[in-house]
Amino acid sequence: MIIKLPKKEDPFKEYIERITSKMRSMNTSEIGEVEQMKLQEQLKENIPELESKIKEIINLLIKDIQSCDAKQILDYFGAFYGLTTPDKIEEDLDSEKNFKLDYIHSLVSAVGNLNQKECSEEILNRIDKNIEDLKNNAALYLILTSDYKGEPSQIKFKQIIHNMIVRGDSYPEHKIEMCRELFSKFDDILTDRYGIDSKQLIDELINISEYPIKNLKIQKQYFDEIMLSYQEFIKNLEKISYDEEKIEFMQTYKDSENIKKVNEKLQNIYDKTGVSFNDSIFKIHKISLPKEILDALSMEIGDNKIYKEEEIEYFPTNDTLIYDKPLIKIDSEYYCFNPALIIYNLHTILENIIISIIPPKKHQKNYYKKKGEYLEDKSLELFQKILPNCEVYKSLKYGVDDEVDGIIIYDNNIFIVEAKSGKFSKGAKKGNVEKIKSNMKKLVEEAYNQTIRAKKYILSDEEVEFRDKSKKTVLKLKREKINNIYLINVTLEPLNHITANLSSLKEFGFIQNDEWIWSVYLNDLRIISEIIDLPSEFLVYVERRIKYNDYPQVKMAEEIDIFGYFLNEGLYFDDIEFPKNGFELIIDSSFSKDIDLYYFWKEGKLDKKVEKPTFFKGCKNNIKFLVKQIEELNKENFSILTKFLLSLDCYSQNLIKEQIELILKSQRTDFYPHIDKARIGVVFVSKRIYNYDLLKKQCELYAYERKINNWFVIILENNFIHFEQFYFDNKPNKIIENKFEGLKEYRLKQTLKVKRKIGRNELCPCGSGKKYKKCCGK
C-alpha cells in the first residue's frame, strides 16, 4: 500500500520567500547600498563627540568611585550583579550583569581607594546608571570604529563585542571537568613546588568561588538566632501591662539568662566558621591554599594600572588584570567580589600557575605536548561515547610521512579528526584582525588542510592503508565501503561566532575548497555528547551542521546556539531560496536557552526540575524507537536508513508510526511511504508475509517508478525488527516497464472499487505523482 505523506507548512521558509520576492520587486539594491554608505559616513562624523561622551561617563564613574569606600562599592555590586536566585536565573540569562560586574571590578581595582567613607544610595544608583550608559555608548562606538564592511570587519566587530559582553565559554561542570582531566597530568610539578596536586588546587579554587553563598548561609544562622531572641523578647514584653515594669524589664533583660544563651550561640557560630556577623560575604575564610598561590591570584586596590593604558583610558575592552588575578587583597585579608571569574577563567588561572613554575627552555615544550595529547585523547573518547561500537584509531601515518590525529569508523561513515590545542590569543579575542587571521591559520586552516589531504588519500585508490608510529599497518579502508567522510577539527579554546559561521573565513583566503570542516570546541562537543540520544541523531547533526556553512545568509553566535536550533527546528535550510545579496538573518540565542536551563538545574541553581532537551521533543509520535532498534542490529549500511528516518518531519514520522502499529496489530500487511525528493525508498512489511524474492521484485518496481536506486525493506514483528537493502540501477527494461504498467492499472482498479469516482485534479492513484486528468484520466 502506498501512503502519500502530507506537505509540512514551513513559516520560516515562507518568510524568507516573501522577503526575497519583495527585494526582487524593489530592484534597488545599488541605491540601498549607496544610501547605507552615506548613512554610515554621517554616523562616523559623530565619533569624536561619542568618544567625548564615553570619556565623560568614565570620569563621572571615577569621581563617584573615589568619593567613598572601594570595598563597599565592590561589596554592593558583587551582590547586586554577581548573585542571583532560582526565580531570576532565566531573566539574568538575557542581562549583561557579568559585563557590568567585570567593569566595576576592573575600574575600582584601578582607581579606587580605601577612605572608608560610606557610599550613599544615591552614589551607588548613579554608578549603576552610568555603567548602563557606558555599555550602550561603548557598543555604538565599536560599531562605528570597526569599519563594518565585508566579512573580515564583521568578524572584528563581533569578536570585540563578544569579548566585551560575553563571560564564560562552558557550563561550570564542564570547565571543571576539563581542567581536572588536563591538569592532573602536571601533578608532579605542582606537588614538588607547592605540596598540593591539581585536584586539591582546583577544589580550593572552587571553594573560594562558593564562599559568598556559604557566607550568606552563615549570616542567615546569625540572623535566625537574633530573630528568635527578638521574638522571645517581644513575647515577654507583651505580658507586662505597666509601663514602669516594662522599663525595668528592658533594663534587666540585657543581663538575662536568655541573652547569655543567645550570645553563646552566636559565639559558637563564629568559633565554628570564623565568620562574624558584620563580615563581607565576599571575604575568604579558612583557606588552605599556599600563600604564594593566593598572592599570585590577588591584587590590591590601585594595582590594575594596565586598565588605563590604551587609547581611551578605562574603556571596557582595555586589558585588565582581573582575569589573571580575580581576588582583591585588603589589609592582609582576601576577598572574592566576583566569584564567577574563577570558574570562567579556571583554565587560564591553572595554566598561569603551571607555566610560572616550569623552566621555559626545559619543560614548557613538554607542557604543550601533553596539552595536545590530552585534547586528542579526549576528543576521540567523546566521539566513542556518542558512537558506541565505532572503531577508533589514533595518531596514524600514511603516504610518505603524512599524519592524522584520529580516524573514527562508524558503519559506512568515516570521521577524520584533527585536534588543535593552541591558544586563541588575547589580541585575537579583542578583535585584532591580523591576530585572528594568524590564530585561525593555526587552529582551523591547518586542521582543514590536514583532513582534506587525508580524505584525498582515502579516495585515491580502491584500498588504502594507515600505519601506527612503529610503521605497522593498523587500518585498511576500502573505498566501496565508505558512504560519508566527515572532516572534524576539535579545539581546546572556543572560537565562538568565527567557527559557528565558518564561511566568513573565506574572506581571509582560508577554507577555499568546495567542502567544509566542522570546527568544534571540546566542551561544546562534550555537551553534545551528553544531550544526543542516538548515534544517528549525531550523524544527522554533523551532516546538517556542515551543510549549514553553505548558507552565509544565516548567522548564529556559537555552536550551542546552532545545536539548540537543530534540536528545536532541525537545522534544515536546503529547500529555502535565500536572497543572494543584501540579506542576513541573525538567529538569536533563544534556541539554546533550554540547554542553559537544563545545566543550571543540574548545578542545583533551579528549584523546578528541567528535562534534558531532545531532538524531536515536540514530536510526540516520533520513530526514535524504530531507529534505536535498527542501530542495535549493527548491520552494514544501517546508518543510511536511520539518518533517512530521523530526517523526516513530524508529520511523516507520525504517519509512519501509525502504520507500523497497524502492521503489528495485523490490521495491515505492508505500506510504502511516498516521500517527495527522497534519495532512498523504504517499504514496511509484516514478518508473517515476508518473502525475500517477492519483496525484491516489488522494490524493483517501486525503484523503477520513483527513479530511486537505494531501497530498504523493514520487516516488522512484535519483538523483532530486521531490514534488507537492495540497490537497482533502474536502466530501461521492457519487462519491468510492462510490470510497472500492470501495477499502475492494479492500483487504479483498487481505488475505483473503493471510491467509484476519482476527481480530475486528485493525484492519480496509479502512483505516478501526476494529477488524474493528466495521467490515467486522459
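Quick note: residue numbers are just sequence positions, from 1.
Between Tyr672 and Trp711, the ring-plane angle classifies as perpendicular under the 30° and 60° cut-offs. The aromatic rings of Phe728 and Phe726 sit tilted, their planes meeting at an angle between 30° and 60°. Ring geometry, Tyr551 versus Phe578: the interplanar angle falls from 30° to 60°, so the pair is classed tilted.
Heavy-atom minimum distance, Phe466 versus Ile458: CZ-CG1, 3.8 Å. Minimum heavy-atom separation, Ile680 to Leu641: CD1-CA, 4.3 Å. Nearest heavy atoms, Ile488 versus Ile517: N-CG1, 3.8 Å. The two residues Ile485 and Leu459 make their nearest non-hydrogen contact at CD1-CD2, 3.9 Å. Residues Cys390 and Val392 approach most closely at SG-CG2, 3.7 Å, considering heavy atoms.
Between Glu603 and Lys605 there is a salt bridge, since at least one side-chain N of the basic residue sits less than 4.0 Å from a carboxylate O of the acidic one. With respect to the salt-bridge test (charged N to carboxylate O, under 4.0 angstrom), the residues Asp377 and Lys394 qualify. Electrostatic pairing of Asp550 and Lys547 counts as a salt bridge here, judged by a charged N lying under 4.0 Å from a carboxylate O. Between Lys628 and Glu632 there is a salt bridge, since at least one side-chain N of the basic residue sits less than 4.0 Å from a carboxylate O of the acidic one. Checked for salt-bridge contact, Arg545 and Glu559 meet the test: a charged N lies under 4.0 Å from a carboxylate O. Comment: Glu543 engages Lys643 in a salt bridge, judged by a side-chain N to carboxylate O separation of less than 4.0 angstrom. A salt bridge is absent between Lys617 and Asp594: the closest approach of a Lys/Arg side-chain nitrogen to an acidic carboxylate oxygen does not fall below 4.0 angstrom.
Contact of the Glu515 side chain with the Ile452 side chain is registered, since non-hydrogen atoms from C-beta on lie closer than 4.5 Å. With contacts defined as side-chain heavy-atom distances shorter than 4.5 Å, the pair Asn501/Pro552 does not qualify. Proximity of Ile630 to Leu645: side-chain heavy atoms (C-beta onward) are separated by under 4.5 Å at one or more points. In this structure, Glu631 and Pro388 have side chains that are not in contact, with every pair of non-hydrogen atoms separated by 4.5 Å or more. Using a 4.5 Å cut-off on side-chain heavy atoms (C-beta onward), Ile531 and Phe563 make contact. Residues Phe591 and Ile560 form no side-chain contact, since every pair of their non-hydrogen atoms from C-beta on lies 4.5 Å or further apart.
Ring to ring, Tyr393 and Phe415 are not that close: their centroids are 6.0 angstrom or more apart.
Tyr521 and Thr499 are not linked by any side-chain donor-acceptor pair at a separation below 3.5 angstrom, with hydrogens and angles left out of the test. No hydrogens or angles considered: a donor-acceptor pair under 3.5 Å links the side chains of Asn412 and Ser639. Under 3.5 Å, the side chains of Asp561 and Ser589 contain a donor-acceptor pair of N or O atoms. Side chains of Tyr171 and Asp596: a donor-acceptor N/O pair is present below 3.5 angstrom, by distance only.
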Audit row: Lys175, Asp169, salt bridge (charged side-chain N to carboxylate O under 4.0 Å, His left out) steps and yes/no: CA-CA 8 Å; Lys175 175 68 83 174; Asp169 55 53; 3.0 Å; yes
Test log, rule ring-ring contact (aromatic ring centres under 6.0 Å, His included), inputs Phe615 and Phe538: CA-CA 10 Å; Phe615 185 47; Phe538 180 69; over 10 Å; no
Verdict with supporting geometry, Asn549 and Ser503, side-chain hydrogen bond (donor to acceptor under 3.5 Å, both in side chains): CA-CA 6 Å; Asn549 291 302; Ser503 58; 5.5 Å; no
Intermediate values then yes/no, salt bridge (charged side-chain N to carboxylate O under 4.0 Å, His left out), Asp461 and Arg479: CA-CA 7 Å; Asp461 208 342; Arg479 190 167 59 191; 5.9 Å; no
Steps toward side-chain hydrogen bond (donor to acceptor under 3.5 Å, both in side chains) verdict (Tyr599, Glu530): CA-CA 11 Å; Tyr599 282 105; Glu530 293 174 355; 2.5 Å; yes
Stepwise side chain to side chain contact (heavy atoms under 4.5 Å, CB included) check, Val404 with Ile416: CA-CA 8 Å; Val404 63; Ile416 303 172; 3.5 Å; yes
side-chain hydrogen bond (donor to acceptor under 3.5 Å, both in side chains) evaluation trace for Asn637 with Tyr727: CA-CA 12 Å; Asn637 291 334; Tyr727 185 86; over 6 Å; no
Leu571 and Tyr541: CA distance, side-chain angles, deciding distance, side chain to side chain contact (heavy atoms under 4.5 Å, CB included) verdict: CA-CA 8 Å; Leu571 198 66; Tyr541 178 65; 4.1 Å; yes
Working for side-chain hydrogen bond (donor to acceptor under 3.5 Å, both in side chains), residues Tyr572 and Asp649: CA-CA 11 Å; Tyr572 185 76; Asp649 58 39; over 6 Å; no
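Between the OG atom in Ser652 and the CD1 atom in Ile623 there is a gap of 8.5 Å [rounded to 0.5 Å]. Distance CD/Gln384 to OG/Ser379: 12.5 Å, rounded to 0.5 Å.
The environment of NZ in Lys697 is sparse: at most 12 heavy-atom neighbours from other residues, nucleotides or ligands sit within 6.0 Å. Residue-environment remark: CD (Gln667) exceeds the threshold of 12 foreign heavy atoms within 6.0 Å. Crowding of Arg679 atom CZ: a count of heavy atoms from other residues, nucleotides or ligands under 6.0 Å not exceeding 12. At most 12 non-hydrogen atoms from other residues, nucleotides or ligands lie less than 6.0 angstrom from NZ of Lys481.
None of Glu381, Glu173, Glu181 except one satisfies the salt bridge (Lys or Arg N to Asp or Glu O under 4.0 Å) rule with Arg526; the exception is Glu181.
Judged by distance alone, with hydrogens and angles left aside, the side-chain atoms of Glu418 form no donor-acceptor pair with the main-chain N or O of Tyr448 at under 3.5 Å. A donor-acceptor pair is defined here as one N or O able to donate and one able to accept, closer than 3.5 Å; no such pair exists between the side chain of Asn654 and the backbone of Cys650.
Evaluation of the salt bridge (Lys or Arg N to Asp or Glu O under 4.0 Å) test over residues 714-728, restricted to residues two or more places apart or in two chains, returns Lys635-Glu724.
Figure legend: Lys455 and Trp516 shown without cation-pi pairing, the cationic atom not lying both under 6.0 angstrom from the six-membered ring centre and within 45 degrees of its axis. Within the cation-pi definition used here (under 6.0 Å to the ring centroid, within 45° of the axis), Lys707 qualifies as a partner of Tyr704.
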